[in-house]
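Chain identifiers are assigned alphabetically (A, B, ...) following the order of the sequence lines, protein sequences preceding nucleic acid strands; residue numbering begins at 1 within each chain. Heavy atoms only: backbone and side chains are in, while hydrogens, waters and symmetry mates are out. Keep in mind that what you see is a predicted model, and the values were worked out from it rather than measured.
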Protein chains: 2
Amino acid sequence: MPTPLTERQNEIYEFIRRFMRTERKPPTLQEIGDAVGIRSVSGVHKQVRALETKGYIERTPNEARGLSLVAQDDPFALDDDGVPDLPVISRTSSDAPDSLRDKPQGLLAVDPYLMRGVRDPEACLIARAGDDGMNAAGLYKGDLLVVEEVPERAVRNGTLVAVLMGETLLARRFELANGRVHFRPADRNYTEHTFPPDDPGYHVVGEIVSVLRRVR
Amino acid sequence: MPTPLTERQNEIYEFIRRFMRTERKPPTLQEIGDAVGIRSVSGVHKQVRALETKGYIERTPNEARGLSLVAQDDPFALDDDGVPDLPVISRTSSDAPDSLRDKPQGLLAVDPYLMRGVRDPEACLIARAGDDGMNAAGLYKGDLLVVEEVPERAVRNGTLVAVLMGETLLARRFELANGRVHFRPADRNYTEHTFPPDDPGYHVVGEIVSVLRRVR
DNA sequence: TATATGTGAGAAAATTATTTCACCTTTAGC
DNA sequence: GCTAAAGGTGAAATAATTTTCTCACATATA
C-alpha cells in the first residue's frame with residue numbers, strides 16, 4: 001500500500017482488524033485507546049486520522065464506529081461454494097516483492113468467469129492500482145486488479161501487467177524491445193519507464209486478468 | 001427454534017442482516033427506522049427489544065450499534081453468509097422491460113464488498129454496457145455493470161444509472177432538470193437523450209453500483 | 001373488558017466523535 | 001551544541017450522535 005505505517009500505527013491498525021473480525025463491528029475511539037494503551041481519545045483520534053490519510057482505513061464523519069478497512073479484510077468470513085477467494089495484497093516497505101501473498105489484507109470472492117484464460121487460479125491475487133496512468137485504457141487509481149502471477153520471462157509482449165515500482169503498484173502495458181523492458185502508460189502525462197531486464201528497480205507481479213471497481 | 005417473529009419483526013430482522021452484510025457493522029436505531037419506515041426511534045427501540053427477548057439478536061446496553069445476530073438453528077438464518085449470485089440479464093425485442101430478471105443469461109458471484117451502500121442485495125442484477133458513451137467515466141462497452149434496481153423516482157440526481165433505450169442497455173448519468181429527464185454521456189461524441197418523465201422511450205433499470213471487466 | 005401487539009412524539013441520559021491547547025521525544029540540519 | 005520539524009502523547013471541553021425512557025394511542029383478539 002502507499003505510505004508505510006509506523007510501528008505504533010501498525011499496532012493500532014492490527015487491533016482494528018482483529019476487533020472487526022471477532023466483534024463484527026468497528027471499534028470506537030476509546031475501545032482502541034483501551035486496547036493499545038492511550039488514555040486520551042484525542043490521542044487515538046490523531047492516530048486514526050493518520051491511518052485514514054495514509055489510506056488504510058475510511059471514515060464517516062460524526063458516526064459512531066464510523067470506520068472501515070480500505071482493503072476490505074473480510075471480518076464476516078465468507079465461506080465459499082466453488083467461488084475462489086483471492087487474497088488482496090498490499091505492500092509495506094519491509095516486504096520483499098515476492099512475498100506479497102504472505103500477509104493478505106483480506107479476501108475477495110471472484111467469480112471464475114472473471115478469470116477466463118487463467119492458467120493457474122492459485123496464482124491469482126488482487127492488487128489496487130496505484131495511479132491514474134492507465135485511465136485511457138479504462139483503469140483507474142484504486143481499482144481492484146485481478147492479477148495472475150507470472151514470472152517476467154513468461155509475460156507476453158503487449159499485455160497489461162501489474163508492476164511494483166518501489167512501494168507503489170502500477171498497471172502498465174509491458175513491452176520488451178531491443179533488450180529493454182518498457183512499461184507504457186496509456187496517458188501521455190505519465191512517463192514511460194524503461195529498464196534493463198532484471199533491474200532491481202521494478203518487479204513484475206503478473207498479468208492483469210480483470211478489473212473490479214466500486215462506483216459509489 | 002425460538003418464538004416465531006411477527007411479519008413486521010421479521011422485516012426488521014431481515015433488514016439488520018442485509019445491512020450487516022453490506023456495511024460490515026450493525027445499524028443504529030434510526031438507520032433501522034429510516035429503512036423500514038418507523039419515524040420514531042422509540043418505536044424502533046421497542047421492536048428491537050422484541051427481537052432481543054425472542055432470542056434473535058443480542059444487545060449491549062448503551063452501546064452505539066450494540067447489537068449482534070444470534071445464530072439460529074436454521075443454518076440459513078445467519079449463515080447464508082455465502083457470496084450472492086446475481087443474475088446476468090439481457091433483453092430481446094419481445095421482453096417487457098420490467099421482466100428482465102425472468103430469463104437471466106446466467107449467474108455471477110459478486111463479493112459483498114462490491115455492493116457497499118446497496119439497500120437490498122436482492123434487488124441487484126448484472127447488465128452489460130451497450131456502448132462506449134461513458135468511456136471517459138471509465139465504463140466501456142461490454143462491461144458488466146452491477147445494478148441495484150430502483151424505481152425511477154428514487155434515483156438520486158447525478159448518479160450513474162443503467163437505462164434501456166429500446167433494446168440496448170446504456171450507462172449514463174441521470175439528471176432531472178426542469179421537469180425533464182436527461183441521460184448524459186461522458187463522451188462529447190455521443191448525444192444526450194432527453195425525455196419527459198415516464199416517456200415510454202426509455203426505462204431506468206437502476207443505479208450502477210460497481211463495474212466488472214475482463215481485460216483479456 | 002382486558003390483554004397483547006404495534007406505532008409514535010418528545011425529551012433525558014449516555015455514549016461517541018471532534019476540537020483546542022500543551023508537552024515530550026526523536027531526528028535532521030546547521 | 002542548538003534549532004526546527006515531525007511524530008507521538010495527553011487533559012479537558014464541546015458538539016454530535018445514539019440509546020433509553022416516559023407518555024400516549026390505535027387495533028385486534030379472547
Side-chain angles (χ1 to χ4, degrees), chain A residues 1-16 18-20 22-70 75 92-94 167, chain B residues 1-16 19-20 23-70 117:
Chain A
M1 226 30 183
T3 333
L5 295 178
T6 68
E7 200 179 332
R8 189 66 161 146
Q9 287 165 352
N10 190 62
E11 192 183 343
I12 291 166
Y13 177 69
E14 286 301 326
F15 165 74
I16 295 174
R18 281 201 311 274
F19 186 97
M20 289 185 69
T22 53
E23 303 300 320
R24 303 196 157 191
K25 64 193 161 201
T28 65
L29 294 181
Q30 31 255 307
E31 279 167 345
I32 296 173
D34 292 347
V36 303
I38 297 178
R39 263 179 288 277
S40 146
V41 272
S42 86
V44 182
H45 188 253
K46 229 172 179 178
Q47 297 281 19
V48 165
R49 210 163 37 192
L51 288 181
E52 187 187 15
T53 55
K54 286 189 178 180
Y56 286 75
I57 64 174
E58 283 172 2
R59 272 149 51 77
T60 312
N62 293 325
E63 187 183 273
R65 304 178 188 277
L67 63 83
S68 62
L69 300 180
V70 156
T92 58
S93 47
S94 58
E167 290 170 29
Chain B
M1 187 55 119
T3 332
L5 296 178
T6 68
E7 199 179 334
R8 190 65 161 149
Q9 286 165 352
N10 189 61
E11 192 182 343
I12 291 166
Y13 177 69
E14 287 301 326
F15 166 73
I16 295 173
F19 186 97
M20 289 184 67
E23 303 301 319
R24 277 148 204 226
K25 64 194 162 202
T28 65
L29 295 182
Q30 33 254 307
E31 280 167 345
I32 297 173
D34 292 347
V36 305
I38 296 178
R39 264 178 289 277
S40 148
V41 272
S42 84
V44 182
H45 186 254
K46 231 172 179 178
Q47 297 281 18
V48 166
R49 211 162 38 194
L51 289 181
E52 188 186 15
T53 55
K54 287 190 179 179
Y56 285 76
I57 64 173
E58 282 174 359
R59 274 151 49 77
T60 312
N62 292 324
E63 188 183 273
R65 303 178 187 277
L67 62 85
S68 60
L69 300 179
V70 170

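Below the 3.5 angstrom threshold, one finds no donor paired with an acceptor across the side chain of A:S40 and the base of D:dA12. Between the base of C:dA17 and the side chain of A:T28 there is no donor-acceptor pair shorter than 3.5 Å.
Between the P atom of D:dA11 and the CG atom of A:L29 lies a distance of 16 Å, rounded to the nearest Å. Straight-line distance from the CD1 atom of A:I38 to the P atom of D:dA11: 11 Å, rounded to whole Å. Rounded to an integer number of Å, the gap from B:Q30 CD to C:dT15 C1' is 13 Å. Distance B:I32 CD1 to D:dT18 P: 12 Å, rounded to the nearest Å. Atom C1' of nucleotide D:dT19 and atom CZ of B:R49 are separated by 11 Å, given to the nearest angstrom.
Residues forming a side chain to side chain contact (heavy atoms under 4.5 Å, CB included) with B:Q30 (at least two apart in sequence, or on another chain): B:T28, B:V41.
Listed pair A:H45 / C:dA17 fails the phosphate criterion, with no side-chain N or O lying under 4.0 Å from OP1 or OP2. Taking 4.0 angstrom as the limit, B:R65 places none of its side-chain polar atoms (N or O) nearer than this to OP1 or OP2 of C:dA17.
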Please write out the pairs of protein N or O atoms and N or O atoms of nucleotides 27-30 of chain D separated by less than 3.5 Å, giving the distance to one decimal.
none

Could you list the protein-to-nucleotides 4-8 of chain D atom pairs, N/O on both sides, closer than 3.5 Å?
from	atom 1	to	atom 2	distance (Å)
D:dG8	OP1	A:T6	OG1	2.5
D:dG8	OP2	A:Q9	NE2	3.1

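In this structure, the side chains of A:I16 and A:P26 stay at 4.5 Å or more apart for every pair of heavy atoms.
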